[in-house]
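Read through the structure below, which is laid out as structure tokens, and then see the notes.
Computed from a predicted structure; not experimentally measured. Worth knowing before you read on, the calculation uses all heavy atoms, side chains too, and leaves out hydrogens, waters and symmetry mates. Along the sequence shown, residues are numbered consecutively beginning with 1.
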Amino acid sequence: MVCDPTTHSLLAPLVMSPSQTVLVGSTSTFPTEIYEHVIDDLLCVPMHWRDVVRTLLSCARVCRAWTPRSRLHLYTAIQFYQGGHGIDNSARKLARTLVAQPHLARLVSAVSIVAPGMVLVPVAAALQNVPVLLAGKLPNLTTLHFRGSPPPTPQGIAFLSTPPEVLHRSFFASVATFPRLSSLELYCASFKSLKQLLQMLAGLRALRTLSMIGIDVIKWHADPVHTLTRLPEVTNLAVGEPKDRCVPRTSQSCRGQ
């Protein structure tokens, strides 16, 4: 599911009680695997992701038997993109939905937070607020992808882009509330100090995969010895410079079942 200022309103009808479910015919004559396969194949249909979301929402209202599979695809992987008040409103609406229906929160296993590729104003504040709003509400979240604003390019168009924003303390604190977070991807972000980076990692005990691309550490002189003993057992590590200076807008893709 992708959240942006134009789609968060589409999720409102999902907050409903069983008595509000619209029943159209009956699926009792079909094996469960058949209609679940049909719903799964919607992710492979070459259409805009907004149409995919609307179709899944319609499937969730066909009958009660269709609802679990439709919600699974709507909530398993959630992506936020764009900045400003739009992404903040989307995150707040999703947080209210998860509080009202905790069983939906248990479906979420991946969250991606993506900034626009070229921006004229900083958007990192709104982006960093997403995990803050979702803190403590995603018990099964295993993957978090944060893609901030790209750094200025060397081709003389730095004024079109904002440098990596410094991640604030509330971002670290909220990330630590996801007990099963095993994969963290950070792209184009800054830390005030090496100690701050290590302290964040120390709070992620389940972390096994760490990717840091285009990460800037402002102060390297720190004494991390006391923190190193508490770092998670990361088995997959990727560190480097960003290959692209522009963040492309992602689209709905076909995912293998």
Using side-chain heavy atoms (C-beta onward) and a distance below 4.5 Å, is [X] in contact with [Y]?
{"X": "Phe80", "Y": "Val111", "result": "yes"}
{"X": "Leu42", "Y": "His73", "result": "no"}
{"X": "Val45", "Y": "Val52", "result": "no"}
{"X": "Asn129", "Y": "His168", "result": "no"}

Flag yes if Phe171 and Leu194 sit in one hydrophobic cluster, no otherwise; membership is Ile, Leu, Val, Met, Phe, Trp, Tyr, and two members link when side-chain heavy atoms are under 4.5 Å apart.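 Same cluster: Phe171 reaches Leu194 through Ile, Leu, Val, Met, Phe, Trp or Tyr contacts under 4.5 Å.
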
Report yes or no: do Val132 and Ile113 belong to one cluster of Ile/Leu/Val/Met/Phe/Trp/Tyr joined by side chain heavy-atom distances under 4.5 Å?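 The answer is no; the residues belong to distinct hydrophobic clusters.
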
Identify which one of Leu144, Val175, Leu231, Val234 satisfies the side-chain contact (heavy atoms from CB on, under 4.5 Å) criterion when paired with Leu207.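 Among the candidates, only Val234 passes.
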
Passes side-chain hydrogen bond (donor to acceptor under 3.5 Å, both in side chains), Asn140 versus Arg106? Steps please. CA-CA 6 Å; Asn140 295 325; Arg106 292 190 289 269; over 6 Å; no

Mind checking what makes side-chain contact (heavy atoms from CB on, under 4.5 Å) contact with Val38, not counting sequence neighbours?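 For Val38, no residue satisfies side-chain contact (heavy atoms from CB on, under 4.5 Å) once neighbours in sequence are set aside.
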
How would you list, by chain and number, every residue that makes a side-chain contact (heavy atoms from CB on, under 4.5 Å) with Ala135, sequence neighbours excluded?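 Ala135: side-chain contact (heavy atoms from CB on, under 4.5 Å) contacts with Ser174, Thr177.
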
Closest approach of [X] to [Y] (non-hydrogen atoms, all atoms of both residues):
{"X": "Val166", "Y": "Gln128", "answer": "O-NE2, 3.2 Å"}
{"X": "Lys137", "Y": "Leu133", "answer": "NZ-O, 3.0 Å"}
{"X": "Leu204", "Y": "Leu184", "answer": "CD1-CD2, 3.8 Å"}

Start with the C-alpha distance between Met200 and Leu186, add both sets of side-chain angles, then the distance that settles side-chain contact (heavy atoms from CB on, under 4.5 Å), and finish with yes or no. CA-CA 12 Å; Met200 182 196 72; Leu186 298 176; 4.0 Å; yes

Phe191 ring center near Phe172 ring center (under 6.0 Å):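 Yes, close enough.
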
Look only at the side chain of Thr67 and the backbone of Ala60, and say whether a donor-acceptor pair between them is shorter than 3.5 Å.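 At least one qualifying donor-acceptor pair exists.
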
